[in-house]
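All residue numbers refer to positions in the sequence shown, counting from 1.
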Amino acid sequence: MIWIIFYLISITILVLAIVIAVASGLGKYKIGRVITPFNIMFGGVFLSTFMLIIPIQDFLVQDSLYKSLQVTLFSLFNTIQIFVIEGETELIDVSRNCPYDWVASAYNVNLSIYYVVAPIMSFVFLISFFKNVNSFFKYINNYFNDVYIFSELSEKSLALGSDIKAKNNKALIVFTGLDEDTNEQQSEFIERAKSIKAICFTRDILAIDFKTHYKKSTINFFSIDEDEKVNMIQGLKIIEEYKKMSNVRLYVFAIGVESEMLLAKTDYGCMKVRRVNEIKSLVNRTLYDEGEQLFDNAVPAEDGMKDISIVLVGLGRHGSEMMKGFIWYCQMDGYRLKIDAFDENPEAEDIIRGAVPELSHYDVTIHSGVNVNTKSFSDSIMGLDRTSFVFVCLDSDEMNIRTAVNMRMLYERVGIKPVIQAVVKSSYEKKALEGITNYKGQSYDIRFIGDVESSYSADVIISSELEEEALQRHLKWGEEEEFWRYEYNYQSSIASAIHLRARIHCGVAGADKSDDELTEEERTIIESLEHRRWNAYMRTEGYVYSGSTDKSTRNDLGKMHHDLIEYDMMSDEEKRKDSKVGTR
């Protein structure tokens with residue numbers, strides 16, 4: 001009977017190991033520090049083999065006071081022998097002593113398979129183990145250097161890691177979570193990682209203890225998986241593990257509201273944590289670095305104003321965020337903004353107005369259900385009056401390039417030359433497209449932005465000039481911790497810093513002065529303009545007027561604000577806040 005019982009236990013263990021390994025392998029989340037699908041299978045096969053051998057040893061070992069202990073130890077010894085290619089095949093012969101023919105046959109088959117499979121699994125395990133051990137010794141060898149640890153090896157992490165290394169040759173770059181089975185692309189990534197002397201671990205970022213490091217050097221974690229939920233889980237676990245270390249920095253790449261709320265309420269301890277919103281980062285960086293051309297290319301009107309006429313193609317995540325940015329950024333004395341936005345989705349306008357309930361305060365026309373490949377789109381573009389700026393952000397690089405080139409052709413036909421920007425995520429394509437011309441050498445004059453190499457650089461992610469300026473804006477009224485912890489504070493201060501740069505460029509009186517240097521006239525100009533910009537910013541964030549100027553009516557959960565009013569309706573106290581944050 002013992003033969004049947006232990007055979008069934010052995011098979012049950014094997015089946016459970018397969019089910020758990022497959023489930024964890026197909027799952028979206030890493031399941032632990034050491035527990036991986038392969039390790040689950042390795043342990044399952046080991047235990048299954050051990051259970052098979054127990055009845056065999058029970059048959060071989062003579063009855064004695066210590067028989068149970070001897071059977072257990074001999075079975076364990078035989079199991080280890082099988083896994084290190086020293087197993088004796090005589091065990092298969094002994095299994096024939098089973099009184100049940102079908103069980104004896106099953107034993108023969110199972111043991112034969114384990115004799116082949118077990119050594120292979122051991123070999124794979126040891127190769128993986130020594131790879132990680134070698135990497136860990138390299139990590140220890142860089143004890144005094146700043147270390148930058150990425151949750152995966154990808155185009156994005158390589159771009160950022162390479163840029164960090166270029167700016168700080170002593171920095172140690174670490175990539176984790178490499179696949180055991182490398183494909184052609186990952187092999188290329190590994191070679192690129194080696195070229196910057198990076199360390200590569202097959203184990204997950206959560207499965208490695210990085211605490212052994214000099215306390216005055218920083219340990220920087222980048223949770224940069226393509227799956228935002230993976231980043232959030234990794235980020236929260238990293239916080240829990242390292243929050244007592246003041247030299248640890250964590251960058252979580254996530255754009256969803258869920259990540260914003262989870263990180264805001266989490267206890268960081270001594271760590272510094274930053275959520276990286278890749279979409280808003282691109283919008284902010286584009287406006288900060290290149291937004292001035294919106295004003296420089298504005299068209300003078302008969303009434304003395306200058307018209308900024310923007311055509312925006314594509315209202316996906318990037319496009320809709322860029323539209324919001326245009327609305328508050330272009331609030332400038334002497335300028336007038338008009339936006340025409342096109343999207344193939346027939347519900348595009350409804351979606352945008354749902355996100356921005358007070359969009360009607362601005363001259364924005366949304367053309368829903370329009371395909372860029374149709375004649376109706378071309379007719380609409382050519383029928384717009386004096387377009388000065390075009391932003392193209394569709395579903396793919398190919399569509400963006402094709403559409404941008406087509407729009408240059410259409411504008412040439414009506415004799416105008418607006419600035420055209422298009423999003424191209426591929427760094428290789430962006431470089432190849434720089435300065436593109438037609439067969440006669442005529443330049444298309446299209447600016448391509450948003451490529452991986454530019455977006456994932458040390459200056460953008462780690463030591464951003466814009467962030468530093470935004471922090472200084474925030475410190476005029478708040479604490480530094482609140483700047484990094486709360487997205488509301490962070491993004492609001494970023495927008496303020498971006499607009500200050502634009503005001504100085506446009507020569508707004510008093511913009512380059514500090515608050516206490518302003519004349520009364522300059523103060524009024526700054527306060528009025530800053531309040532108008534702030535109104536536009538808050539509205540694009542979904543806020544509406546609370547219905548009363550009473551502070552008690554403010555409700556941030558309901559996105560209702562009592563100050564969404566005209567400048568003249570503001571109290572002197574509130575006006576002073578505008579001049580304080582609206583100057584250097």
Begin with the C-alpha distance, continue with both residues' side-chain angles, and end with the deciding distance and a verdict on salt bridge (charged side-chain N to carboxylate O under 4.0 Å, His left out) for Lys280 and Glu541.
-> CA-CA 12 Å; Lys280 286 194 174 182; Glu541 289 295 300; 3.6 Å; yes
Evaluate the criterion salt bridge (charged side-chain N to carboxylate O under 4.0 Å, His left out) for residue pair Asp363 and Arg336; output intermediate values, then yes/no.
-> CA-CA 9 Å; Asp363 189 357; Arg336 184 166 48 215; over 6 Å; no
Stepwise side chain to side chain contact (heavy atoms under 4.5 Å, CB included) check, Met232 with Leu262 | CA-CA 8 Å; Met232 279 308 308; Leu262 284 173; 3.8 Å; yes
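Aromatic ring orientation, Tyr490 versus Trp484: tilted (interplanar angle from 30° to 60°). Between Phe342 and Phe377, the ring-plane angle classifies as perpendicular under the 30° and 60° cut-offs. By the 30° and 60° cut-offs, the orientation of the rings of Trp534 relative to His561 is perpendicular.
Sorted by first then second residue, the ring-ring contact (aromatic ring centres under 6.0 Å, His included) pairs that include residues 304-327, not counting sequence neighbours, are Phe326-Phe389. Sequence neighbours left out, the pairs with a member in residues 389-413 that pass side chain to side chain donor-acceptor pair (under 3.5 Å) are Glu412-Lys417.
Judged purely by atom type and a 3.5 angstrom limit, Ser546 has no side-chain atom pairing as donor or acceptor with the backbone of Arg554. At least one donor-acceptor pair closer than 3.5 Å links the side chain of Ser157 to the backbone N or O of Glu152. Between the side chain of Asp307 and the backbone N or O of Ser309 there is no donor-acceptor pair closer than 3.5 Å.
Seen from the ring of Tyr567, Arg532 does not count as a face-on cation partner, given the 6.0 Å and 45° thresholds. The cationic group of Arg249 does not satisfy the cation-pi geometry with Phe221, failing either the under 6.0 Å distance to the six-membered ring centre or the 45° limit from the ring axis.
Not less than 6.0 angstrom separates the ring centroid of Tyr148 from the ring centroid of Tyr251.
No side-chain donor-acceptor contact under 3.5 Å links Asn489 and Ser492.
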